[in-house]
Amino acid sequence: MADRVPGSVIHDEIVAAGASWSRAIHKGETLRIVDLEGRQAVDFLCYNADDHDDRYAAADTMKINETGIFLTTGTVLYSVGLTPLMTIVDDSCGRHDTIGGCCSAELNSFRYGVGPQPNCRDNFISELVRHGMTKKDMAANVNFFMYVPVAEDGAMDMGPSISKPGDYVDLRAETDVLAVISNCPQINNPVNDYNPTPIRVTVRRAD
Ligand SMILES: [Zn+2]
C-alpha cells in the first residue's frame, strides 16, 4: 500500500470511518491524507508544536493566500501569530473548505432534530485532551475534501462532495506542528455522501 506514496514513509495508518487522529509532524515532513473511497470530509486542525496558543487561523489564511476561501496547492496554512504552519504542496481534489467549520451534537440537534451522534467537535476535543488542551483550544478548522460552494448572494451549501476515490492532499510542515483530524462521522447531510468512510494518513520524511 505504501508504494504509491513518494519518498520515505515513516508513518502509515488507516483512520476508520468517524474516528479521530493526531500526531506531531516535524518541520520538513509531509502529511498525506487520502480520501480512499471518495466523498469523505476530513476535518483538520493544526497547532504550532512549540506553542499550542499559536494555532491555525482560518480568516488570516484566507486573507493572505491568493487561493482565497478555497484551499488548494500553494495555500499556506497560517497561525494566529502568522507562523506558516503547513503548505499544501500537492492536491488531486482541487478545492478544500475552511469556512464551514465542524459538526457538533448541538448542530445535529438544531439542524436535523437528532439525538447524540458521533461528531467532529467531540472527536477534536478527545484528541486535544491527549495533548494537554481542552475545548477552549478549539479553533475554526479546515475541511479537506469538503465542498462548500458560496453563491453570489453569500448563500453557502454543504456538499454534495466532489472528491474522487483516492484523492489526496499533501501538507508539508513548515515548522514543528501538531496535526489533528476528525474523519467526519456526519450522516445527516451530503458532505460524506451520507456514508462516512475510512481515510489513510501517511507521514514521509523531509526530502
Ligand atoms: Zn463532521
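Index from 1, following the sequence. One-based numbering, in listed order, for ligands and for the atoms of each.
For a distance threshold of 2.8 Å, the protein N, O or S atoms nearer than that to the Zn ion (ligand 1), listed by chain and number, are Cys103 SG, Cys120 SG, Cys184 SG.
Nearest heavy-atom pair across Asn192 and Ala41 is OD1-N, 2.8 Å.
By the neighbour-count criterion of 12 heavy atoms within 6.0 Å, atom NZ of Lys135 is sparsely surrounded, having that number or fewer from other residues, nucleotides or ligands.
The shortest side-chain heavy-atom distance between Ile88 and Thr72 does not fall under the 4.5 Å cut-off. Counting heavy atoms from C-beta on, the side chains of Val150 and Ile99 come closer than 4.5 Å. The shortest side-chain heavy-atom distance between Phe44 and Asn143 does not fall under the 4.5 Å cut-off.
Using a 4.0 Å cut-off between a side-chain N of Lys or Arg and a carboxylate O of Asp or Glu, Glu37 and Arg39 do not qualify as a salt bridge.
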